[in-house]
2 protein chains.
Amino acid sequence: MTVTEPSGDQAWPRRRPSSIRDVARLAGVSHQTVSRVLNGHPSIRDVTKSRVLAAMDELQFRPSRAARILSRQRSQTIGILAAAVGAHYGPARCVSAVEDAAREQGYYASIARIGSVAPHAISAAIEDLLSQDVEGIVIVAPRTTVLSLLAELPMNVPIVAPQGDPRSASGIPVASVNQEAGARMVLEHLIRRGHQRILHLAGPPDWNDAQLRLRAYQAQLKEAGLPASPPLFGDWTADSGFEIGRTLTRATAGCSRKELPFTAVFAANDQMALGLIHAFRVAGLDVPRDVSVVGFDDIPESAHFWPPLTTVRQDFASLGARCVAMLLDAIGRAEDPAAPQESSSAVVEPQLIIRDSVASV
Amino acid sequence: MTVTEPSGDQAWPRRRPSSIRDVARLAGVSHQTVSRVLNGHPSIRDVTKSRVLAAMDELQFRPSRAARILSRQRSQTIGILAAAVGAHYGPARCVSAVEDAAREQGYYASIARIGSVAPHAISAAIEDLLSQDVEGIVIVAPRTTVLSLLAELPMNVPIVAPQGDPRSASGIPVASVNQEAGARMVLEHLIRRGHQRILHLAGPPDWNDAQLRLRAYQAQLKEAGLPASPPLFGDWTADSGFEIGRTLTRATAGCSRKELPFTAVFAANDQMALGLIHAFRVAGLDVPRDVSVVGFDDIPESAHFWPPLTTVRQDFASLGARCVAMLLDAIGRAEDPAAPQESSSAVVEPQLIIRDSVASV
DNA sequence: AGCGGAGATGTTAACGGTCACATAAGTGAC
DNA sequence: GTCACTTATGTGACCGTTAACATCTCCGCT
């Protein structure tokens with residue numbers, strides 16, 4: 001199993017890669033001509049161009065991004081500040097979407113992941129991005145702590161955040177999925193099916209999306225004249241959903257099924273819903289017969305949970321695209337303040353996916 | 001809901017950021033002194049140093065990475081070629097792990113994601129990375145097509161791949177989880193529980209891990225004198241697991257439970273196992289009573305599947321760390337061919353996680 | 001023929017760091 | 001007092017690219 005580097009020990013000579021001047025010499029032109037070929041300048045004769053191209057090919061020429069960034073004073077790069085990616089479906093999808101959208105617009109994307117939301121970690125990540133001359137930053141770290149900190153940080157590039165609170169006063173432009181609409185759909189669905197005692201299993205209180213969903217849950221219930229129980233807070237993981245489900249069922253261990261103090265739970269994401277369902281089943285409760293459960297996100301697996309999970313789908317791809325559009329617009333305005341402001345409304349509508357985890361009562 | 005950029009319309013002036021020369025002027029020293037402060041050079045008087053530091057602070061100085069890369073001829077950056085990240089748990093975790101490990105070693109990581117494995121997409125991604133002067137590349141694209149293509153591509157930096165086949169002749173150094181051991185654990189577990197007719201739901205045939213697990217499945221059954229059914233191929237998704245489960249149960253619709261042509265299925269990942277279980281349940285088959293199912297990966301949700309899934313845990317964090325260690329070692333050798341070769345064995349052992357999806361027969 | 005303008009190319013100077021080398025002052029040995 | 005050596009700092013070139021401006025040629029127009 002040892003992997004001694006095999007025969008192909010090319011001993012990468014680390015020879016200096018060829019520059020436009022090397023190409024120029026070989027092609028018998030000036031380096032500027034090579035640069036022009038590189039950038040598709042119109043006034044280059046075809047013969048010259050093909051000579052240059054041939055030389056590039058022969059020398060395995062590859063333009064240096066560092067040099068290019070240094071010389072024009074722009075990097076064609078946007079930064080992504082990412083918290084908790086990998087652990088969480090939404091943010092992870094969001095980052096991919098932003099990356100793709102950026103590339104599509106001819107921009108590079110550079111990601112700075114942060115493990116904690118400690119102020120120094122955040123400003124270090126921002127410094128990191130800024131030192132790469134990013135022209136703008138997308139904040140995929142939808143936590144109020146991060147956003148409010150950021151609002152104070154001296155920043156000389158535009159920033160945008162997906163999944164933030166559109167109404168927050170942080171001053172950071174925001175593109176977001178309409179969380180309120182998502183929560184409303186869920187509750188209307190539940191209420192229409194006759195549920196009256198609906199619990200909410202929320203995400204951590206300092207996450208924007210968690211806050212919005214919680215507020216929408218409360219508002220919606222109030223509007224319907226139904227009681228809102230104090231929210232339960234999980235940490236987005238299935239494990240936390242399970243734990244909370246356990247305490248919930250233990251607390252009501254004596255009750256017969258008909259007497260449960262709730263008939264439905266709205267979980268703030270699919271993973272917690274999964275854990276919750278697991279806990280219910282362990283306690284002998286059937287979903288949806290005894291309790292209905294709704295999730296949020298529509299992760300690819302939720303169609304195959306047991307029971308298949310009713311949930312809310314968020315279109316992360318278009319969220320990412322909107323974010324990038326807003327950011328690029330802001331960048332454009334910063335360069336040329338005369339430019340007209342693009343529409344900066346950016347709300348993506350979610351979609352209720354009805355499956356089998358909700359029953360009528 | 002519109003987000004007109006609020007009052008804080010600082011109209012980022014896009015003023016030229018300050019350079020070491022600006023700092024030098026303000027501090028009354030030469031630019032070189034500033035550079036030395038920046039790099040922690042020993043022979044700088046404390047007074048000078050603090051003057052420079054103060055000037056940096058006042059000017060909001062931030063060193064330009066592009067300039068630094070250009071002037072020393074190295075980027076302190078490794079590239080990551082990532083295929084199918086976001087969609088797949090293993091690769092995604094792997095990328096994160098490599099990033100973390102790189103940062104820990106003082107390197108930056110730059111990710112190039114590819115959507116397809118078409119040759120031009122791959123070489124474009126490699127070009128992209130190379131143009132950033134990456135000093136080495138980690139290939140998180142564990143498909144035979146990618147690796148064999150890469151082996152032929154002219155490359156003047158070291159590369160390493162996690163999740164590749166250690167025995168393959170591609171000539172690419174590989175760090176990997178011991179897939180064979182993982183598959184062996186699964187089958188021994190199943191056989192010990194009395195299973196004799198064990199199916200394998202494999203991943204796409206051009207994925208290294210899928211191949212390795214399939215081969216190990218076949219070898220192990222042969223060794224035990226048991227019949228190996230022709231493998232079923234999914235695409236890693238729960239959807240594909242479900243589809244295959246449906247055809248499987250439809251084909252055996254007439255059979256009573258005791259007459260199923262198999263008693264256990266070894267799925268090549270947890271998602272497919274989930275879809276499979278779903279299909280079984282839809283067909284009235286209970287897991288594990290009627291069929292046992294084992295997965296692979298131990299995604300965080302699998303403890304909360306129903307039934308909780310027996311699976312194989314892979315330690316992606318240490319896989320990433322080993323990869324980076326190997327790569328950095330290779331980079332070091334490329335610079336200084338005299339340097340001794342570090343141990344380049346890099347096999348991470350997996351772990352069987354026994355839960356409730358396997359019954360004895 | 002002379003002139004203006006466009007097309008194709010060359011020349012030189014940035015960009016913001018680092019490197020190799022030069023310089024100046026201080027320190028101790030003889 | 002001078003030499004060798006260290007410490008603290010400055011000077012100028014260089015990395016690979018683009019920007020600004022210069023040059024030269026060819027063309028049509030008057």
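Just so we're on the same page: letters track the sequence lines, and every chain starts at 1.
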So for B/His41 and D/dT9, does any side-chain atom that can act as donor or acceptor lie under 3.5 Å from a complementary atom in the base? no

Could you tell me if A/Thr77 and A/Arg65 have a donor-acceptor pair between their side chains, going purely by distance under 3.5 Å? yes

Nearest to the B/Leu70 side chain among D/dC15, C/dT9, C/dT18, which nucleotide is it? D/dC15

Look at all strands and tell whether B/Arg65 reaches a base, only sugar-phosphate, or nothing, counting heavy atoms closer than 4.0 Å. nothing

Interatomic distance where CD belongs to B/Gln32 and P belongs to D/dT7 [whole Å]: 17 Å

So what does A/Ile44 hit on the nucleic acid, given a heavy-atom distance under 4.0 Å: a base, only sugar-phosphate, or nothing? sugar-phosphate

Does B/Arg74 get its side chain close enough to the base of C/dT18, under 3.5 Å, for a donor-acceptor pair? no

Of the listed nucleotides (D/dG10, C/dT18, D/dT18), which one gets closest to any side-chain atom of A/Ser35? D/dT18

Is any N or O donor-acceptor pair between the side chain of A/Arg45 and the base of C/dG7 shorter than 3.5 Å? no

Whole angstroms only, please: what is the CD-C1' distance between A/Gln73 and C/dC15? 5 Å

With a 4.0 Å cut-off on heavy atoms, is A/Ser43 in touch with a base, just the backbone sugar-phosphate, or nothing at all? base

Can you work out whether A/Thr48 or A/Arg21 has the more 5'-proximal nearest nucleotide on DNA chain C? A/Thr48

Is any side-chain N of the basic residue among B/Lys49 and B/Asp46 closer than 4.0 Å to the acidic one's carboxylate O? no

What nucleic acid atoms does B/Ser19 come within less than 4.0 Å of, heavy atoms only: base, sugar-phosphate, or nothing? sugar-phosphate

Is A/Arg62 side chain donor-acceptor paired with the D/dG16 base, going by distance under 3.5 Å alone? no

Nearest whole Å is fine: how far is D/dT18 C1' from A/Asp133 CG? 15 Å

On DNA chain D, nearest-nucleotide positions of B/His31 versus B/Ala67: which is more 5'? B/His31

Of the non-hydrogen atoms in A/Cys323 and A/Val160, which two are nearest, and what is the gap between them? SG-CG1, 3.8 Å

